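Step one of this worksheet: look at the structure below.
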Amino acid sequence: MSTVLPLPEPVLRRREHAPCAQRHDANRLARRLRHQVGRAIADFGMIEDGDRVMVCLSGGKDSYTMLDILLQLQKKAPVSFSITAVNLDQKQPGFPAHVLPDYLRSIGVDHHIIEQDTYSVVSRVVPEGKTMCSLCSRLRRGALYTYAAGHGYTKIALGHHRDDMVATFFLNLFFHARLSGMPPKLLSDDGRHVVIRPLAYVREDDIVAYADIKAFPIIPCNLCGSQENLQRKQVQKMMREWERESPGRIETIAGALGDIRPSQLADPKLFDFLSLGRAGRAASLDAPAWLADDARMDAADDGA
């Protein structure tokens, strides 16, 4: 017969205190997320009194966290606003259509599921092996915008976080040769919708930890999740390596996106370089005037 030895007293104390310590860490993380989301809302004027906020819920960790934190802030917010969670069921094969409605009913949140078969469109139009994300995103955005316009929502909340915004900046820099990114707040091209990103200041690692604590019923994206060679994945890999080698680098880059110095860049549309240091009232000469001789020589060479 085996004998069970009693655990040392320090171990017993650690076991007794472990749940309390975990609750403390969870509460501290929730406070940090509320602070960051609240600050983003205030900094960019994301939510105003009387707003009807349509929270786009994909079933991923980011949108679950966004909805959860917005619901917490709503209870103590200095303004009154409503929240409706909206999901687009894109009819992906095997999509568990019951998960989101069941979860949203369980927490008592007003919600709506849009059913639109964008999966068949994307699968038919995009050649096998090619990236589906761009077309899928456009179709999804169109469906959500249409629903928001038809039902009078004043703000559309998306779950992009700080790391998404940094990654988008590098995607545009590396692959599209422009300095642009994913703003915390924007007006749609047609001027009909205000899109907000309440997680603009939130790290992805914190979202991962929070989603794990809350045990959200995560739904994976099977439509594009298997496409490993996407440009965004390359950028994300680079960012992870940077953060591993120099912790805090992504935080620094994210801060730089909010501290733009047009006079230190090279876009004459944003800063008047022509007038800078100009002597007297002499008119500035454009490029053709400076290159007139070269233009004549090029014309001569073409005629030779």
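Here the structure is a predicted model, which is why all the values come from computation and not from measurement.
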[X] side-chain N/O to [Y] backbone N/O, donor-acceptor pair under 3.5 Å:
{"X": "T154", "Y": "R52", "answer": "yes"}
{"X": "E243", "Y": "I250", "answer": "yes"}
{"X": "D51", "Y": "E48", "answer": "yes"}
{"X": "R203", "Y": "D163", "answer": "no"}
{"X": "Q74", "Y": "F81", "answer": "yes"}

Flag the pair [X] / [Y] as yes when at least one side-chain heavy-atom distance between them is below 4.5 Å, and no otherwise.
{"X": "I213", "Y": "L29", "value": "yes"}
{"X": "I219", "Y": "P96", "value": "yes"}
{"X": "M238", "Y": "W242", "value": "yes"}
{"X": "D164", "Y": "D62", "value": "yes"}
{"X": "F170", "Y": "F175", "value": "no"}
{"X": "H111", "Y": "V86", "value": "no"}
{"X": "K75", "Y": "L73", "value": "no"}
{"X": "H35", "Y": "R31", "value": "no"}

Between M46, Q36, K185, which is the residue that forms a side chain to side chain contact (heavy atoms under 4.5 Å, CB included) with I41?
->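 Per the side chain to side chain contact (heavy atoms under 4.5 Å, CB included) rule, the option paired with I41 is M46, out of M46, Q36, K185.
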Heavy-atom pair of closest approach, residues [X] and [Y]:
{"X": "V53", "Y": "A157", "result": "CG1-CB, 4.0 Å"}
{"X": "V109", "Y": "A85", "result": "CG1-CB, 4.2 Å"}
{"X": "F273", "Y": "L265", "result": "CZ-O, 3.5 Å"}
{"X": "H160", "Y": "L199", "result": "O-CB, 3.5 Å"}
{"X": "R197", "Y": "P183", "result": "NH1-O, 2.6 Å"}

Among R34, K214, K61, which residue satisfies the salt bridge (Lys or Arg N to Asp or Glu O under 4.0 Å) criterion with D68?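 Result: among R34, K214, K61, K214 is the only option passing the salt bridge (Lys or Arg N to Asp or Glu O under 4.0 Å) with D68.
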**Message:** Once rounded to the nearest 0.5 Å, what's the spacing between atom CZ of R240 and atom CD of E204?
**Reply:**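 The CZ atom of R240 sits 8.5 Å away from the CD atom of E204.
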Around R178, counting heavy atoms of other residues, nucleotides and ligands shown, do more than 12 lie under 6.0 Å from its CZ?
->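 Enclosed: over 12 neighbouring heavy atoms sit under 6.0 Å from CZ of R178.
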Could you check whether atom CG of D189 has more than 12 heavy atoms from other residues, nucleotides or ligands sitting under 6.0 Å from it?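 Not buried by this count: 12 neighbours or fewer within 6.0 Å.
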* Is it possible for you to check whether R162 lies under 6.0 Å from the centre of the six-membered ring of Y201, through NZ or CZ, and within 45° of that ring's axis? =>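 Negative - R162 is either too far from the ring of Y201 or too far off its axis.
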**Asked** Given the rule in the side chain to side chain donor-acceptor pair (under 3.5 Å) test, do S80 and D49 qualify, once you have shown the distances and angles that lead to the verdict?
**Response** CA-CA 5 Å; S80 175; D49 191 51; 4.8 Å; no
Do [X] and [Y] have a side chain donor and acceptor closer than 3.5 Å?
{"X": "N172", "Y": "S180", "answer": "yes"}
{"X": "S275", "Y": "D272", "answer": "yes"}
{"X": "S188", "Y": "R141", "answer": "no"}

Y147 vs H112 aromatic rings, parallel, tilted or perpendicular, using cut-offs 30° and 60°?
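Correct class here is parallel.
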- Item | Ring centers of Y103, Y64 separated by less than 6.0 Å |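 Between Y64 and Y103, which both carry aromatic rings, the centre distance is below 6.0 Å.
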Fill in: Audit row: R140, S58, side chain to side chain donor-acceptor pair (under 3.5 Å) steps and yes/no
CA-CA 10 Å; R140 183 169 63 247; S58 67; over 6 Å; no
